[in-house]
Amino acid sequence: MDESNAEEAQLALLKTGLQKQIDEFQMLLAIYCNPGELHVDDYSCIDNLNSYINGETTRLTSKLDYHFELPLLPNQKVQILVELPHLYPALEIPRIVIRSAVIPRDQERLLTNKINQYIEDEVVERDEPYVYQVVGWIQDNFTELMQTTGEKRQPSHTTPGKSSVPGINSIVFERLWIYSHHLKSKNKRQTILKTARDLMLTGFSRPGKPAIICVEGQHQDTQEFWRTIKHLKWQKIQIKFNETETVNNENEMAALRHFGSGFREELFCEMDEDSDTEDQPMSMSLFMKFLEKHNCGYIKKELFGFSNSTENAIT
């Protein structure tokens, strides 16, 4: 097979897989049809996939991802987040993660490992979509999954000098300030937003040049965020400053958060509505006002090397 034929075969495989992803999602919508059971975060992604399949565009701007909200715990809904790589189902496996406010993060990771192991061991036919099979297995076995992963994580909570009483365990709160030369890629921006929200981190991301990202939450989650985004292609990215403090419970951690409303993009641009936001320079005055509003004025010295006496000279 010559090079052109190989490229055509690869493109055909990609388009076939993307069509199967869309067909499976439509099937899931019909099955999980009760209000709130199944959400897609960005329907423009489906439009992009359809346009690519039909040859109307040559760019894939994002991956198909959606999440279920199902009553898997007593009086508590649990999220099952699904992210499909472009070569699912034939060559890549989906990312399927369980999220709940009442499930500790380390147990969520063990649940993710169980899901991946199930895919490896039990999903024999990989040419056809199998998210429905995996979600059905999670629903049928969720009580047992919670018990087995809960047992595995129990020893890690007893450390020298710490209380062994259930529920009295220290939590490390962390806030990371991340600086990059620039951030323009839509895929990167979507990955940053999705990863932060999946990990229930608070903070903000400022795309453009320079790029500034702040995330805050449990240490293990902020570090997972950093591990995820640092492997994306960057000209330069670094953690400029990190803040940590040990707390005893979620309430104490919540009190330390400066960005309690979640995670979002902030532009800090003074521009016309028709302007291209990624190419606009950051207004330092707007950024400083934002930092002061969120009790983070101290960070300007760490990020830019100046303090109140010099900030008025910078626009």
Side-chain angles (χ1 to χ4, degrees), residues 9-70 77-99 108 111-112 115-116 118-120 122-123 125-139 183-200 205 207 224-225 228-229 231-233 263-265:
Q10 186 175 8
L11 180 60
L13 177 66
L14 174 59
K15 288 187 175 183
T16 298
L18 295 175
Q19 185 62 61
K20 288 180 178 181
Q21 292 183 21
I22 294 173
D23 292 344
E24 180 182 41
F25 177 68
Q26 296 298 333
M27 179 193 73
L28 291 169
L29 280 176
I31 295 171
Y32 295 92
C33 56
N34 292 328
E37 278 191 331
L38 179 57
H39 306 257
V40 62
D41 294 329
D42 183 5
Y43 273 96
S44 68
C45 170
I46 296 177
D47 294 335
N48 175 246
L49 295 183
N50 279 321
S51 296
Y52 186 84
I53 293 167
N54 296 329
E56 298 166 1
T57 182
T58 58
R59 293 186 60 198
L60 287 171
T61 58
S62 59
K63 299 174 183 177
L64 177 58
D65 57 81
Y66 45 87
H67 66 273
F68 302 83
E69 289 196 15
L70 304 174
K77 288 187 177 181
V78 174
Q79 286 191 340
I80 303 175
L81 294 87
V82 178
E83 181 179 313
L84 303 181
H86 289 145
L87 292 175
Y88 163 84
L91 298 178
E92 294 180 278
I93 68 170
R95 178 176 179 260
I96 301 179
V97 178
I98 290 172
R99 289 276 185 262
E108 287 180 353
L111 289 167
T112 299
I115 293 168
N116 291 336
Y118 172 80
I119 292 173
E120 291 292 333
E122 303 297 332
V123 181
E125 186 54 63
R126 300 281 182 85
D127 290 335
E128 297 300 321
Y130 49 85
V131 169
Y132 175 61
Q133 177 184 340
V134 176
V135 172
W137 173 77
I138 293 171
Q139 289 180 276
L183 170 58
K184 294 185 178 181
S185 164
K186 290 183 178 179
N187 284 339
K188 281 185 190 175
R189 291 165 63 181
Q190 289 172 349
T191 298
I192 289 167
L193 285 169
K194 179 172 175 53
T195 303
R197 289 169 179 173
D198 285 354
L199 293 169
M200 298 183 183
S205 171
E224 182 173 333
F225 175 87
T228 298
I229 72 162
H231 292 303
L232 304 174
K233 290 183 179 179
F263 188 91
R264 56 182 294 178
E265 278 196 348

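Atom set for the values below is all heavy atoms of this structure, side chains included, hydrogens, waters and symmetry mates excluded.
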Of the non-hydrogen atoms in Ile31 and Glu37, which two are nearest, and what is the gap between them? O-OE1, 4.4 Å
Do Asn50 and Ile22 come within less than 4.5 Å of each other through their side chains, counting heavy atoms only? yes
Would you sort out whether Tyr118 and Gln133 count as a side-chain hydrogen bond (donor to acceptor under 3.5 Å, both in side chains), showing the intermediate values? CA-CA 10 Å; Tyr118 172 80; Gln133 177 184 340; 3.2 Å; yes
So does Val82 get a backbone contact from the side chain of Asp65, meaning a donor-acceptor N/O pair under 3.5 Å? no
Looking at every non-hydrogen atom in both residues, tell me the closest pair between Leu91 and Leu13 and how far apart they are. CD1-CD2, 3.7 Å
When the aromatic ring centroids of Tyr66 and Tyr32 are compared, is their separation below 6.0 Å? no
Between Val78 and Arg99, which heavy-atom pair has the shortest distance, and what is it? CG1-O, 3.7 Å
Assess whether atom CD of Gln139 is packed by more than 12 heavy atoms of other residues, nucleotides or ligands within 6.0 Å. yes
Considering all heavy atoms of both residues, which atom of Tyr88 and which atom of Pro129 are nearest to each other, and what is their separation? OH-CA, 3.2 Å
Would a 4.5 Å heavy-atom cut-off, applied to side chains only, mark Ile119 and Trp137 as touching? no
Please check if any side-chain donor atom of Gln19 sits under 3.5 Å from a side-chain acceptor atom of Asp23, or the reverse. yes
Is the shortest heavy-atom distance from the side chain of Tyr132 to the side chain of Met27 under 4.5 Å? yes
Should Leu14 and His86 count as side-chain neighbours, where that means a heavy-atom distance under 4.5 Å? yes
